Structures are given as C-alpha cells and as structure tokens.
Amino acid sequence: MVDGVFHHPVELGEKASMRISRLFGKTLRQDPAEAETASHRLMLKAGLMYQVAAGVYAYMPLAWRSLRKIEQIIREEMDAAGGQEVHLPALQPVELWQESGREAAFGQNLFHLKDRRERDMVLAPTHEEVITKMVAANVSSYRDLPLILYQIQTKFRDEPRPRAGLIRVREFTMKDAYSFDADEHGLALSYDRVAQAYRNIFQRCGLPTMAVEADSGAIGGKDSQEFILPAEAGEDTILHCPQCGYAANAERAAFVLPPVAQEKEAPLEQVATPGAKTIPQVAAYLSVPESKTLKAVFYVAQGQAVSSTARLVFVTLRGDLDVNEVKLNNLLHARDLRLATDQEVAQAGLVAGSASAVGLKGINVVADRSIQAGANFVVGANKEGYHLRNANYPRDFQADLVADIALAHEGHGCPKCGTALRSTRGIEVGHIFKLGTFFTERLGAAYLDAQGQQHPIIMGCYGIGVGRLLAGAIEQNHDDKGIVFPAPIAPYQVHLVSLNPEREDVGHVADDLYAALQKEGIEVLYDDREESAGVKFNDADLLGLPVRLLVSPRTLRENAAEVKGRREERGRTVPLSEVAQTVRGMLEP
RNA sequence: CGGGGCGUGGCGCAGCGGUAGCGCGCUUGGUUUGGGACCAAGAGGUCGCCGGUUCGAUCCCGGCCGCCCCGACCA
C-alpha cells in the first residue's frame, strides 16, 4: 500500500539534480562502530549526516533534501488545513517558563543559559508559551478565532540519554502547530482538521502510521493521540486490538483483566515461606498461580496534590500484573514518582519480600482494581519468611485508592471487545493534543464573546518530529544493502549510473540522459565517477533512491539503458528513446 | 544518575614501558572494467585531556572529559 499511490513529486524549487563527483559527502565502506540502530548506521554510512555531539547532528546535502521534502509535504498539508506558518524564537527569557510553571515541569531537560547582562535565558524545547503570549497580544475578539498557527523549527531538549541517531536527539527540527478556539466544539473541529492533515502527511510520505490513544501527561488535557510508525527500534510499546481497532500506548492502554476462577472466601492462614521473596518464588513454593498472589511495590511520590512533601506510597496489585507508573502518577497527581530505596522501605517498617497491606497502618495504600478480581490471595505476612493465604479485600485489608494502575500486556483482553491485544514497538512521529486553557489562563490569552464576556482561549497543540520521521522511514524501509527510500521523500528520484564513462559513448550518452531527465523535471543523482561497477552499484543500493538507471558499453550495444527499481532483483533493458517515459511511469504509476 | 563498553590518521582496527602500525579511504602514474579491481610511489597521527610513577609513558597509576549500549528519565 505504500508503493503506488503516494509518489507525488515535491518541488523544492531549485536545481534538482546533482553529479556525485561534485556531491559533498561520501559513503563509508565499513559500518560506523558507533551506530547500532539501522537508521543511525545507514545515515552515517551513506554520508547523510555528521555527528557533532551526543544527540547533535549536522545534516549533509542528501539528508537535507530529504528533510526539506518532508517539511514541504507538512507545509502543504498544514496550509490546506487552514494553518498559517510563523517563525518563533528559540532563545527565550526564563520568566516565560516560570509564568507557565513549566520551568519546573521540564526540569533538567530545559537548556539554560545567561546573556551578557546575566539574564537567565532558555533554549526553547517547544513553543506553547511564546505563541500563547503572541496570540494574547494579537487576538481579542471571538471574530479573530479560530486560528491555527504552525512553525517548523529547531527545538532543544537536554535529553538524559540521546540514542539511536535521529530517533532521540537534543537539537531537532519539529513541526509544531497550535490551535486557538472560542469553545470546546471549535477545539474539536480544529483537532479533527489537524488529525486529518496528519493522516495525509504520513500517507504522502509513504509511511503507514497508526494513530493510538496516548497519555495526556502532566498538563492534563483531554484527548491525545500519538501517530506511531511501527519499528523495532522505537521507544514506545503499542497495544492494539486486531478485532475492533482499539490502539493505545502501553502508558495509557486499558484492558480487561485475565479471568480467574471464582471461589468462596476462606479463613486467613499464615504459612512459612523461607527464602521466597519474589512473586515467582512465592507462587512456586506454594504451588499457586501468580494471579493468586498480590504483589507489593513501594514508591516515593513528590509534590502530590494532597501534600507537597515526599511520601511513601504502598502499591499493591495482583501478582500476574505489573505497575503502570504513568497511570499511577496520573492517579496521584505527583510531580515526581520513583521507586523507594531499600533504605526508605526499611525505615517505613516494611518487610521487603513479605510485605502486604494486611494490618498496615499509617502508610498510604494504592491498590489496583485487580485485587477485587479473584479471591483468597497469597500475600506477605509483614514478617520475614512468612506469607498469608486467603487474603481478601476488603475483609482483610483496606486501600486509600482503588483504580486501574496496571500495565497492559500482549494477550490481555481489549477493553472494547475483549479480543486478545497485540503488542508492537513503534516510533512516535506525531502527537496531537487537546490542551484546553492550561496556557491561556496562565499567560492571559482571552477573548471577548458576542456578549462582551471574557473567556480564556481554548488551545490544542500538534507536533511532528521531522528528523525522527526520516529516521523512522529508514527504520521501516531498508534491507541488508542499504536504505530503500519511499519515493516522495527520497533526496532524488533517479540514481543514474554510468559504467566505464570514459569508454565508447557511455559518458556522452549518460550526460545526454542526465540532461534529458532534468528537462523532464525528474530529480537525478548522476554517478559520473570513474569507479568500478561494484563501487557504484553498492553506493546506489546504500543510498536507496527509487530508480536506478544504468548506462554501460553493454547496454549501448543495444542502444539502450537498464532500469531497475530499488526493491527489484533485476533491471530491464529499455531503448534510450523510451527511458524518460519508463522512468516517469515507475515514479508516477 | 546507576550498570556495561570504548577513546590510536577521514572510517574500521592492532600494538602495550624504548619516540606508532595494518586494512579501507585519499594523492600521483600505469594496468583493469557489470557487484566494493591490480601494481608502484606518496601524503596524513599533540595515541581524548591533566597530573603522577619512571632515565624514558600510547602503554602503568590517579583524576577528568567525551562517545556508544542497557536502565532510570523522556510536558
């Protein structure tokens, strides 16, 4: 489905062809040792980019062309959705971020610097603050709304661990769009418009993405969807239902609990479990399934809604499940949530390995709903070396909060239809988000309605990682020889190769073809070097342009050239007079 | 920040107390010519940085910096 429909050429409005003899950047024969991920390795090997620091890259001409094609597709679709492009500063006063409260929210990920007058500045990791201020100053009436503004710019985030080439970097190009509406209905319309634009963008780039429900994060908006490009190198885990189409990030995914047998509550009873501390050990020792145990996990939550001091939280859930920390964090409204240290656990008087909520006092207990699904659980006895059988909620223990705080896994039931969920790794290339009034209230962006009443403007925000999209495209489209560029975002359309250009008429014919294809408006990368056939073929495969066109003494004996698609095993011989037409046909089916 | 690995020419690597080497790439000349050719002659390195030990350190010791991978983290 990728091939075929999406080959619309993108005009960059400039000289659209290049001789490799003049091209800046060269390919490497050996794999760069630093790179393990396919896109990272291939981009370095093909001479697309140059690393300057961890998570900081320079883009060389070939990558830059590809990136600008992606940007151009984004521009066209955002404009079609009614967006207006703007350009915003990367350098911003820190006060702006204090005003929104996000200086603390971003924490160490925010790049700080001082100007010569010792004023604190930041390098913008995203642009909600500045654009909200700008809109506040320029919008005052409902007549000015709705509004969709967007920018395609460099953003800076001091990521704790840049990785995998362009997949996680500290300086990166992002398209961010922001919608401003008078009411929720308007926001819904803007959100849907942008969502459609996103589907168009990814389709035109030749990249099948899946839209999934996403966690809305600390700002606490309502709807949020991520656009995920399936790839093993991705950092996100997606759960999706093959039956009804439900799809969500694992951070967010709901699920139907795996069923357990019904049984009557039995009396609580203590058993010795020497040496058994983990759930698998306890379950094996007592010969019960893990789903008949309850596990205890200890967290320290900081900056909660209920109290600003750090607080130990006792989390319990069925033994066959794992804690979903995002769900837990959302439930607690914590600013910072982390596992408690062994020391903190001991100080609280808890017996790690034999802890349970039974008889627990003075500690906040948060339980997953799974404690109600099942009965007669094995739980810790809060005594070293002992567990309890037949613990039941609420007969034997209480919880301050009971909610869904468990991580969905492959095989769990779809929350909509019950079918077994499947799990996929993927790269988050886009994220759309109904923000509401978080920024407009804090930064004073309001409008007057027809009755003269003032209201905060309602916002949405919509991001696409441009470089990540390119890396993702390569992750998804490569083979053991190199990149297999989707045509719409390939740096050039045709890789013209002359073999033995100094012999017979090869050089002349190839030059003529080069000129003729340019005249046809086809973007050609022309390998006019005096290199051996193997070198040229391997470079063509490595770079992965959609069509390889070959002129050699052998083809010229038939007054022909060889045409080969990057995915095809063999080329076919085409008379010189028909080459342009054949190539065009391959690019625009 | 925790764990692991690595810093020697543009790339990939070896060397390990006595002032640096291989392959690829690069330059020049010649031969070759449909899947990373061959011969010959060359150019190119503060051995990440600082300190210590030593007559002498790329090598041993200490500190620091950088890069990669796993985890934490990633509105």
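By convention in this document, chain letters (A, B, ...) are assigned in the order of the sequence lines, proteins followed by strands, and residues within each chain are numbered from 1. Since the structure is predicted, the reported quantities are computational estimates derived from the model, not experimental observations.
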- From CA spacing to verdict: ring pair (Phe, Tyr, Trp, His ring centres under 6.0 Å), A:Phe227, A:Phe202: CA-CA 9 Å; A:Phe227 289 82; A:Phe202 298 128; 5.5 Å; yes
- Query: Counting only heavy atoms not in A:His112, do more than 12 sit closer than 6.0 Å to its NE2 atom?
  - Reply: yes
- Query: Of the non-hydrogen atoms in A:Ala124 and A:Gln92, which two are nearest, and what is the gap between them?
  - Reply: CB-NE2, 3.4 Å
- Message: Taking only the P atom of each, what is the distance from B:rG44 to B:rU28 in whole angstrom?
- Response: 16 Å
- Whole angstrom value for the distance that separates P of B:rC74 from CZ of A:Arg157: 12 Å
- Consider the side chain of A:Lys26, meaning its heavy atoms from C-beta on, and name the nucleotide among B:rG36, B:rC26, B:rU33 that approaches it most closely. B:rC26
- Task: Carefully, step by step, assess A:Arg157 and A:Thr126 under the rule side chain to side chain contact (heavy atoms under 4.5 Å, CB included).
- Result: CA-CA 9 Å; A:Arg157 294 183 191 179; A:Thr126 175; 3.7 Å; yes
- Closest of B:rU33, B:rG34, B:rG12 to the A:Phe537 side chain is B:rG34
- Counting side-chain heavy atoms from C-beta on, which of B:rG34, B:rG23, B:rC68 comes nearest to A:Gln30? B:rG23
- Task: Look at the side chain of A:Glu36 and decide which nucleotide, out of B:rG34, B:rA75, B:rC69, has an atom nearest to it.
- Result: B:rC69
- Which part of the nucleic acid, if any, lies within contact of A:Ala35, taking any heavy atom under 4.0 Å across all strands shown: a base, the sugar-phosphate backbone alone, or nothing? nothing
- Message: Suppose we define a pair by two distances each less than 3.5 Å, Watson-Crick or G-U wobble; what does B:rG34 pair with here?
- Response: none
- Message: From C-beta outward on A:Ala54, which listed nucleotide comes closest to its side chain: B:rC68, B:rA75, B:rG12?
- Response: B:rC68
- Message: Give me the distance, rounded to whole Å, that separates B:rU58 from B:rG52 when you measure between the P atoms they each carry.
- Response: 14 Å
- Nucleotide nearest A:Ala53 when distance is taken to its side chain, options B:rU33, B:rC67, B:rA72: B:rC67
- Query: When you compare B:rG9 with B:rG5, how far apart are their P atoms, in angstrom units rounded to a whole number?
  - Reply: 22 Å
- Message: With a 4.0 Å cutoff (strictly under), does any side-chain N or O of A:Arg161 reach OP1 or OP2 of B:rA72?
- Response: no
- Item | A:Gln51 or A:Glu128, whichever maps to the more 5' nucleotide of RNA chain B | A:Gln51
- Message: Checking base pairs now: Watson-Crick or wobble, both atom distances under 3.5 Å. What partners B:rC67?
- Response: B:rG5
- Can you check whether A:Arg163 has a side-chain N or O nearer than 4.0 Å to OP1 or OP2 of B:rC70? yes
- Query: Any N or O donor-acceptor pair linking the side chain of A:Asn500 to the base of B:rG34 at under 3.5 Å?
  - Reply: no
- In terms of the angle between their ring planes, are A:Trp97 and A:Phe106 parallel, tilted or perpendicular, with boundaries placed at 30° and 60°? perpendicular
- Report the nucleotide, chosen from B:rA75, B:rU33, B:rA37, that has the shortest atom-to-atom distance to any side-chain atom of A:Glu502. B:rU33
- Task: Provide the distance between the two P atoms, one in B:rC16 and one in B:rC6, to the nearest whole Å.
- Result: 16 Å
- Query: Roughly, in whole Å, what's the span from CG in A:Leu44 to C1' in B:rG12?
  - Reply: 13 Å
- Whole-Å distance separating the CD1 atom of A:Ile432 from the C1' atom of B:rA75: 16 Å
- Whole angstrom value for the distance that separates P of B:rC11 from NZ of A:Lys45: 15 Å
- Message: Measuring only the C1' atom in each nucleotide, how far is B:rU46 from B:rA40? A whole number of Å is fine.
- Response: 32 Å
- P spacing across the pair B:rC1 / B:rC59, given as an integer number of angstrom: 27 Å
- Message: Taking atom types as they are modelled, would you say the side chain of A:Arg548 forms a donor-acceptor pair with the base of B:rG35 within the 3.5 Å cutoff?
- Response: yes
- Residues, nucleotides or ligands: over 12 heavy atoms within 6.0 Å of A:Glu235 CD: yes
- Message: Please classify the nucleic acid contact of A:Leu550 as base, sugar-phosphate, or nothing, using heavy-atom distances under 4.0 Å.
- Response: base
- Taking everything shown except A:Arg193 itself, do over 12 heavy atoms lie less than 6.0 Å from its CZ? no
- Message: Under 3.5 Å, is there any donor-acceptor pair linking the side chain of A:Arg168 to the base of B:rC74?
- Response: yes
- Compare the minimum distances between each of B:rG34, B:rC68, B:rC11 and the side chain of A:Leu499, then state the nucleotide with the smallest one. B:rG34
- Task: Give A:Asp31 one of three labels, base, sugar-phosphate or nothing, depending on what nucleic acid heavy atoms sit under 4.0 Å from its own.
- Result: sugar-phosphate
- Task: Ignoring backbone atoms, test whether A:Gln108 places a side-chain nitrogen or oxygen under 4.0 Å from the OP1 or OP2 oxygen of B:rC1.
- Result: no
- Task: Run the numbers on A:Arg548 and A:Glu562 for salt bridge (Lys or Arg N to Asp or Glu O under 4.0 Å), then give the verdict.
- Result: CA-CA 8 Å; A:Arg548 190 185 78 188; A:Glu562 181 196 277; 3.1 Å; yes
- Name the closest nucleotide to the A:Asn109 side chain, picking from B:rG35, B:rC74, B:rG36. B:rC74
- Paired nucleotide for B:rG29 [Watson-Crick or G-U wobble; both distances under 3.5 Å]: B:rC39
- Donor-acceptor pair between A:His495 and A:Asp539 side chains, under 3.5 angstrom: no
- Message: Could you identify the nucleotide paired to B:rG10, looking across every strand shown and requiring Watson-Crick or G-U wobble geometry with both distances under 3.5 Å?
- Response: B:rC24
- When all nucleic acid strands are considered with a 4.0 Å heavy-atom cut-off, which category describes A:Glu251: base, sugar-phosphate, or nothing? nothing
- Task: Could you check how far CD of A:Glu235 sits from P of B:rC70, rounded to whole Å?
- Result: 9 Å
- Message: Let's test this: given Watson-Crick or G-U wobble pairing with both distances under 3.5 Å, identify the partner of B:rA75.
- Response: none
- Task: Just call it for A:Lys536: base, sugar-phosphate, or nothing, with non-hydrogen atoms closer than 4.0 Å on any strand.
- Result: nothing
- Spacing of A:His495 atom NE2 relative to B:rG35 atom P, expressed in whole Å: 16 Å
- Does A:Ser532 make a side-chain N or O approach to OP1 or OP2 of B:rU33 shorter than 4.0 Å? no
- Whole Å only: how far is the CZ atom of A:Arg29 from the P atom of B:rC24? 8 Å
- Look at the side chain of A:Glu531 against the base of B:rG36 and say whether a donor-acceptor pair falls under 3.5 Å; ignore hydrogens and angles. no
- Message: For a quick check of understanding: with a heavy-atom distance under 4.0 Å over all strands, which category does A:Ala540 fall into, base, sugar-phosphate or nothing?
- Response: nothing
- Nearest-Å distance for atom pair CG/P, residues A:Asp528 and B:rU33: 21 Å
- Message: Side chains of A:Ser224 and A:His431 only: does a donor on one sit below 3.5 Å from an acceptor on the other?
- Response: yes
- Query: What nucleotide among B:rA37, B:rC11, B:rG34 has an atom nearest to a side-chain atom of A:Ser552?
  - Reply: B:rG34
- Query: Which residue lies toward the 5' end of RNA chain B, A:Glu34 or A:Gly534, if each is placed at its nearest nucleotide?
  - Reply: A:Gly534
- Message: Using the C1' atom as the point on both nucleotides, what is the distance between B:rG30 and B:rC49, in whole Å?
- Response: 46 Å
- Message: Need the pair for B:rC59. Rule: Watson-Crick or G-U wobble, both distances under 3.5 Å, any strand; none if unpaired.
- Response: none
- Query: What interatomic distance, in whole Å, is found between P of B:rU8 and the corresponding atom of B:rC50?
  - Reply: 16 Å
